[in-house]
Each structure stands twice: as structure tokens, then as C-alpha cells.
Asker: 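Could you have a look at this structure, given as C-alpha cells, before my questions?
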Amino acid sequence: MSHATPRPPATHVQLEGVNQRLAEMIDSLRKGRERMLASRAGAESGTPVPGAPAEQREVELRLRARVDELEAQQQRACEELVEAERQLTHFAALFAALRQLHEATTHAAVLDAIQEIVVNLVGSEELVVLEAERGGALRVARTFGLEPAAFEGLRQGEGPLGEAALGPAVLAAPDPRLGALGGRACGGAGAPAPTAVVPLRAGGSAAGAVLVYRLLGHKPRLGPSDLDILELLQLHGALALRAAPREGADDARR
Amino acid sequence: MPRRRILLVDDSRTVLLVERMILARGDYDVITASDGAEGVEKARAEKPDLVLMDVVMPRMDGFEACRRIRADAATRGIPVILVTTRGEAPNVEQGFASGASEYVTKPIDGVELLAKVKSCLGA
């Protein structure tokens, strides 16, 4: 069993020594605090701390580089988030278009859906829906913002518009082939060329075509997401029209 | 914080569907109306936190509906964002003159719409 040796009473000399060490410690802490404050101020202002040890400046430089890197990462993340938001909006538009086309149970409702898609999702208030009829006619099934008379008498595969209406793929501005589809081809000498021609095709047969003319004033051009919608319309517009035939009409498929 | 309620007013089911899907990414409950007159009625009855209003609609257009919402003491504080194909300056001016808080053009840009919704809701 051990016994603790009692500490001798502190002498005056010992107390002075402790006091001296405490004073040194306080001085050291004060200087450390001043360096830290100067370092923080330097980091915030972007200027090196005068008199700071080289090692400390190196740490500061590394920290600043790391902050720059994190800020760049944050910027990239924000840009990716915005792009993801745009993609989601695009998918929402495609889904809405599909749903509207296939929910339509009557012929008129399919034409309404096509019109809504072109007006609200593509951005044009000038459109024509032509339907292929037995005998080769292209019947004007719907116009919006345009006079139907300009499109009457068109025939499948005849003339530039009749050929484009039966084409294999969507034609969209700035495709130079669209230039030939205005003027005398349709509506008279001064008639504008369409911005897009969407042949409605499913399973190799043509159901008609959607002609899109002037875009909304605030929309300068068709973009990639518009082309996706027009391509969706090409197949699913045809399928929807086929699934909801016009009352009293013969089978209009070619 | 309770979920915010947004009244969507548009005669196009396609647009209502797109708006609903965009707003589903925020913390919002959605109610709908298919023309301006129904929109005014629902704004009065449901007291939503925000209205997204089309302009060209049957029965009552969005400008008139916006004016009526502003004229009614029960609804005048509800922010209204006009969502329209008519992006020309005179139409935008008419929209703000009818009391709209914001203006968004179609085809809808989801980023822009969500930003303006958040701004109007003070979120």
C-alpha cells in the first residue's frame, strides 16, 4: 500500500515561476489569436497575410483553391439541376401529348388533341391537319389560324405539299426543302412556306399530315425538344386517328 | 409549414397536365378550373395561395378573370401568374394592367415557371 507524499507548501519563488509561465502562455495565446484573425481577414479579402509564416500561407492558398473548386462544383451542380429540370419538363410535355392523343375517343377529340399539342407544346397558332382519303384526296380536317380554302384540293403524292405530306419523315425548319412548299404550291404566290410538315404515318401507311406554319411571336425557332414532339405526333397522331375514325367515313388509310 | 395550394386555370387539358407535372416537383397541392369563370369561382371558394391563369379561354378570358379576382376583397391578395401563348408586349402590358403578378409564355419552361411560382409565394 502506498501513501501519497504531501506536497510542500508553494514558496514565493515557485509562485513567481508559475506566474511567469502563465504570462508567457497568455502572450502566446494572444499572438496566436491575432495571427488567426489576420489569417481569416486575409482569406476573406483574398490577400496574403503579411508576416505570416510560409507554411501558414501555403495552407491558406490550398484552402482558397479548395474554396474555388467547391464554388465551381456548386455552379456545375446548379447548371445540371437546371438542365434536369428542363429535361423533366420535356418528358412531361411528351407524356401529356401521348396521353391526350390516346385518351381521345372520338375523331374530333383527336383533332383537338393535335391542335392543343401544336399550339401549347410546340408553339404555333397556325396549323392545318390533312387527312388521307380513299381516292387520293387530302381532306382538310382542321385548320387553326389559317383559311381552309388555301389547302383544299390537295392530293396525296401530287405537288410539293402533297408529296411532303406523304413523306417518310418530319420536315422542320431550317430544312431547305420547306422553301418549295410555299407560294404557288399552296395558297397562292405570297403564301408562306410551312415551318414543319409532319406526315402522320403508322405501320407504313399514311393517315394524313400536320402542317405547322408561323411560330408564336416570342418563339424564334424550333428546337430539339420540338422535333421530339413532332416525331411523337407523326406516329401517335396517326395511331390515334386510326383508332377513332370519322363517323360515316370510309376507311381512309392508304 | 402547410402545403401551398395552386389553382391552375386553362381550357387545355394538355397544359393542365404539364403544369401539374411540373408543380409536382415542388411541395404544392393543385386544383384546376377549365375557364376564366370557373377560375374566379374556385379562387373565391378555395382561397388558393396562387393562381396560374391562361389568357385565351372560353366563357371568360384570363384578363377579365384576373380583374375579377383583384376586384373581390376575398381574393384580391392572391397572386396571379398569367400563362399564355400571347407574349407580345401589348399583351404583357394588358396582363399587368389587369392585375397579374407575373407573366409566363407558352410553351412552358419548367425552370422559369417554378422560379416565378416560388417568387410569388415568397418561398
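In this text the structure is predicted, and so the values were computed from the model without any measurement. Order of the sequence lines fixes the chain letters, A, B, ..., with proteins taken first and strands second; residue numbering starts at 1 for each chain.
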Asker: Would you call A:Glu125 and B:Arg86 a salt bridge, using N to O less than 4.0 angstrom?
Answerer: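 Salt bridge flag = yes for B:Arg86 with A:Glu125.
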Asker: List the steps and the verdict of side chain to side chain contact (heavy atoms under 4.5 Å, CB included) for A:Thr89 and B:Val111.
Answerer: CA-CA 8 Å; A:Thr89 302; B:Val111 177; 5.8 Å; no
Asker: For the CZ atom on B:Arg70, are there more than 12 heavy atoms of other groups (residues, nucleotides or ligands in this structure) within a distance under 6.0 Å?
Answerer: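 Counting neighbours around CZ of B:Arg70, more than 12 heavy atoms of other residues, nucleotides or ligands fall under 6.0 Å, so yes.
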Asker: So how far is it from A:Leu216 CG to B:Thr105 OG1, rounded to the nearest 0.5 Å?
Answerer: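 Going from the CG atom of A:Leu216 to the OG1 atom of B:Thr105 covers 8.5 Å.
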Asker: List the atom of B:Met21, the atom of A:Ala92, and the distance in Å for their closest heavy-atom pair.
Answerer: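 Closest pair (atom of B:Met21, atom of A:Ala92, distance): CE-O, 3.1 Å.
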Asker: Taking atom CD of A:Gln73 as the centre, report whether more than 12 heavy atoms of other residues, nucleotides or ligands fall under 6.0 Å from it.
Answerer: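 Count over threshold, so yes.
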Asker: Are there more than 12 heavy atoms of other residues, nucleotides or ligands under 6.0 Å from atom CZ of A:Arg139?
Answerer: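 Counting neighbours around CZ of A:Arg139, more than 12 heavy atoms of other residues, nucleotides or ligands fall under 6.0 Å, so yes.
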Asker: Of the backbone (N, CA, C, O) and the side chain (C-beta and beyond), which part of B:Ile108 lies under 4.5 Å from a heavy atom of chain A, both, or neither?
Answerer: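 Contact with chain A is through the backbone of B:Ile108 alone.
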Asker: Measure the spacing between CG of B:Leu16 and CD of A:Glu116 and express it to the nearest 0.5 Å.
Answerer: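 The CG atom of B:Leu16 sits 8.5 Å away from the CD atom of A:Glu116.
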Asker: Quick one: does B:Ser12's side chain get under 4.5 Å of A:Gln100's, heavy atoms only?
Answerer: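 With C-beta onward as the side chain, the pair stays apart.
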Asker: So which of A:Arg86, A:Glu103, A:Arg99 has the biggest tally of heavy-atom pairs under 4.5 Å with chain B?
Answerer: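 That would be A:Arg86.
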Asker: Does atom CD (B:Glu88) have a neighbourhood of more than 12 heavy atoms from anything else shown, all under 6.0 Å?
Answerer: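 Yes - once you tally the heavy atoms of other residues, nucleotides and ligands closer than 6.0 Å, there are more than 12.
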Asker: What part of B:Arg25 gets within 4.5 angstrom of chain A, counting heavy atoms only: side chain, backbone, both, or neither?
Answerer: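 Interface part for B:Arg25: side chain.
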Asker: What distance do B:Asp10 atom CG and A:Asn120 atom CG have between them, rounded to the nearest 0.5 Å?
Answerer: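 Between atom CG of B:Asp10 and atom CG of A:Asn120 there are 6.5 Å.
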Asker: Quick check on A:Val122 against chain B: is it the side chain, the backbone, both or neither that has a heavy atom closer than 4.5 Å?
Answerer: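 Contact with chain B is through the backbone of A:Val122 alone.
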